Protein chains: 2
Amino acid sequence: MPRGSGKVNLVDVARQAGVSLATASRVLNGSTRSVGAELRERVRQAAAKLDYSPSAPAQAMARGGTDVVGLVVPDISDPYFSTIAASIVRNAEPHGLIITLASTERRFEREAEYVASLRSQQARGIVLVGSRTTNEEQLEALRAELEAYTTAGGRAAAIGQHKLPADTVIVENRSGARALAEELVALGYRRFAVLAGPADLLTARDRLVGFREGLRRHGVEVAARDVINGEFTRDGGYEAASELLERGREPECVFAVNDVMAVGALSAFRDRGVRLPDELAVAGFDDIASLRDVWPSLTTVRIPLERLGEQALGFLLDEPAERSRTRRFRGEVVVRASTPPLR
Amino acid sequence: MPRGSGKVNLVDVARQAGVSLATASRVLNGSTRSVGAELRERVRQAAAKLDYSPSAPAQAMARGGTDVVGLVVPDISDPYFSTIAASIVRNAEPHGLIITLASTERRFEREAEYVASLRSQQARGIVLVGSRTTNEEQLEALRAELEAYTTAGGRAAAIGQHKLPADTVIVENRSGARALAEELVALGYRRFAVLAGPADLLTARDRLVGFREGLRRHGVEVAARDVINGEFTRDGGYEAASELLERGREPECVFAVNDVMAVGALSAFRDRGVRLPDELAVAGFDDIASLRDVWPSLTTVRIPLERLGEQALGFLLDEPAERSRTRRFRGEVVVRASTPPLR
DNA sequence: AGCTCTTTGGAAAACGCTTTCCTAATTGCT
DNA sequence: AGCAATTAGGAAAGCGTTTTCCAAAGAGCT
């Protein structure tokens, strides 16, 4: 039942309770200093009666810091990132942290802007979720901002992005893709095509490299014209798959470097009348939960997405280390219906 | 290239530029008051040289407000909500708004807490994305918080939640479900089952009600035992579908009140050996983009999710109205492969 | 040349807290 | 009973901005 009159501040509460500002503050923020039971009660009552709500900005000023953690992702509507975001939000809540969300729409240059904004907000920490990496100039700008942020006392963690001045959480894309490749070879596949995502995306590149490594161990190669770049999205997958068919290539198995692209490819193939999975096998990467119901169910590499976010937040909450830390997570190959044993 | 020494504030900038604090402030925040070209330049240089970053909390205090907009959703990893979130983030950015994200994990009582937190943060606006509605007590608590928030000058908008003291964006669930039902009848279906989501969720209930209305127009009923409640999630759909089969019911078509449940049901049916879509048709609701690639592709009702977020934000940015406004969006039936004409 | 208007710059108040520094009062000793 | 040590409350100094209020200087008149 709110009292409707203007803003109520601590002074009002103190006056109402008949105590000093200092006492009111001490009662309300559970400070170390003790306050007599009687006054404590009076203050509590007054605050309740006036429906007092402390001003977070004022507290931030006085305390010299906030409980804000900034989360910067390339695209919050992509299930890969929204899963990570969910785990971060979930884990942040019990610590009383407030999450600020920025979605860069996969425009890398905005990451630096957001970091700057977060510094201005006096955010306590930043979690940066992986993005492009090849443009050295932009990367340098980002590094500079991060540096400025951390020297100002902020904590930074990155997911899937090496070489940043921050604690980082890494997915072992390369070894995961390697293992997947070997599994596919074991299933009998020899002729592969890869929907490789953007050429300048580290994650995508690592997966391609690992995949080729795995094949090569068994003497299998994938020609350059069987590798198609495209956006790291569902539509990117659809288009790359269409392009593949148009080139007249006839692989036995298509590896899309992430699940989102893989399901796009599934539709593309189906739209062209390809009978899945018998005529063509498809594999993905990530094991996105909300995509587990597609048919044929995707063979993929499971990444512990929730743990990624958890760990990144853990870094922020830990004591700062002198050198930046790295935590690696492995993927696990999951074989499903989209890649039946060949023949 | 950050300067590494402690925090730099406006006073430092002013001193470096040899001007007063007031002048520095005026230059840096593009105030109305004009400042001579020479001083302006000196201040700019000083700020750049010191890598000055204004303190957002201090600005909030002095200005008496922030550029924060709070977004409260039931579950950010659900594509329905992450799509809305994405549209809000995207539209907020050009206005210089900062989005704070709270995910209640579908625990309704936390909405009120988050609103309280947002009031404390002096957030400029709140977008509350639909949740339960039947517990009058909790609803009252939420109303009280919202009331307190708005009388303190904040703006509130709700999506899919009526009867809140806020501008609201409504999806016409009922008419959408009605149209879907009629379409299904036209395709020849007569025996239906419904995976109805949680009984206390308004959205779910409206869809069920509308669906029945549509059927009734053609003299078709769906018995109570063919309506199965469950969680509004993928697993909820899977379980409800399993339950349906265990009951030995043999509908011709199953309507899941949202797509996420529908794809869960798809898997459940497939796991039990039901041949889709010929043996059993399935329809959903929402037309979630990332689920468009499932097979059989879902017949569903398309909701303009992006527009929902856009409109909610629009309400926040508009001049406040004396009475709270409502904007309704209609859904559009989309028939796909999961409901082939019967026979 | 003597006025009154504009500009332009600075001093200082205000925003709402937290926390240090005092002071008064109580407690625990001897 | 007298003193040190502890406890509880208040006054006031920040925290980093924005913005009002003044004053000085220059511009435009007659």
Side-chain angles (χ1 to χ4, degrees), chain A residues 5-44 46-47 50-68 117 119-124 152-153, chain B residues 5-44 46-47 50-68 117 119-124 152-153:
Chain A
S5 58
K7 302 233 174 162
V8 175
N9 60 23
L10 242 202
V11 176
D12 300 322
V13 173
R15 186 180 314 125
Q16 167 84 23
V19 302
S20 77
L21 177 60
T23 302
S25 171
R26 289 198 264 253
V27 170
L28 264 22
N29 61 18
S31 105
T32 41
R33 267 286 294 272
S34 63
V35 173
E38 137 113 39
L39 292 196
R40 183 194 317 279
E41 189 50 27
R42 288 227 304 269
V43 172
R44 291 246 166 78
L50 300 177
D51 190 26
Y52 170 68
S53 170
S55 160
Q59 295 188 131
M61 278 211 68
R63 302 209 253 244
T66 65
D67 290 326
V68 168
S117 160
R119 167 156 74 115
S120 172
Q121 285 179 63
Q122 321 269 38
R124 179 144 129 196
Chain B
S5 57
K7 303 230 176 165
V8 175
N9 60 21
L10 244 202
V11 176
D12 300 325
V13 173
R15 185 180 316 127
Q16 168 83 25
V19 301
S20 79
L21 178 58
T23 300
S25 172
R26 289 198 263 253
V27 171
L28 263 23
N29 62 18
S31 106
T32 40
R33 269 285 297 273
S34 63
V35 173
E38 139 114 38
L39 291 196
R40 182 193 320 279
E41 189 48 29
R42 287 227 303 269
V43 171
R44 290 248 166 77
L50 299 176
D51 191 25
Y52 169 68
S53 171
S55 160
Q59 295 188 132
M61 279 212 67
R63 302 210 253 243
T66 65
D67 290 327
V68 168
S117 160
R119 168 156 73 114
S120 172
Q121 285 179 63
Q122 321 270 36
R124 180 143 130 197

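Just so you know, these numbers come straight off a predicted model, no measurement behind them. Lettering follows sequence order; numbering is per chain, from 1. Scope of the values below: all heavy atoms of this structure, side chains included, with no hydrogens, waters or symmetry mates.
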Look at all strands and tell whether [X] reaches a base, only sugar-phosphate, or nothing, counting heavy atoms closer than 4.0 Å.
{"X": "B:P54", "value": "sugar-phosphate"}
{"X": "B:G36", "value": "sugar-phosphate"}
{"X": "B:L39", "value": "sugar-phosphate"}

If only side-chain N and O atoms of [X] are considered, is one of them under 4.0 Å from the OP1 or OP2 phosphate oxygen of [N]?
{"X": "A:T23", "N": "D:dG9", "value": "no"}
{"X": "A:S25", "N": "C:dT18", "value": "yes"}
{"X": "A:N29", "N": "C:dT18", "value": "yes"}
{"X": "A:Q59", "N": "C:dG16", "value": "no"}

Of the nucleotides [options], which has the atom closest to the [X] side chain?
{"X": "B:M61", "options": "C:dA11, C:dT18, D:dG16", "value": "D:dG16"}
{"X": "B:A58", "options": "C:dT20, C:dT18, D:dT17", "value": "D:dT17"}
{"X": "B:S34", "options": "D:dT17, C:dT8, C:dC17", "value": "C:dT8"}

Between the main-chain N or O of [Y] and the side-chain N or O of [X], is there a donor-acceptor pair closer than 3.5 Å?
{"X": "B:S120", "Y": "A:S55", "value": "no"}
{"X": "B:R40", "Y": "B:V35", "value": "yes"}
{"X": "A:T66", "Y": "A:A60", "value": "no"}

ask   = Mapping B:V19 and A:V11 to their closest nucleotides on DNA chain C, which lands nearer the 5' end?
value =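 The residue closer to the strand's 5' end, by nearest nucleotide, is B:V19.
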key: Test: A:R119 and B:D51 ion pair at under 4.0 Å   =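 B:D51 and A:R119: salt-bridged.
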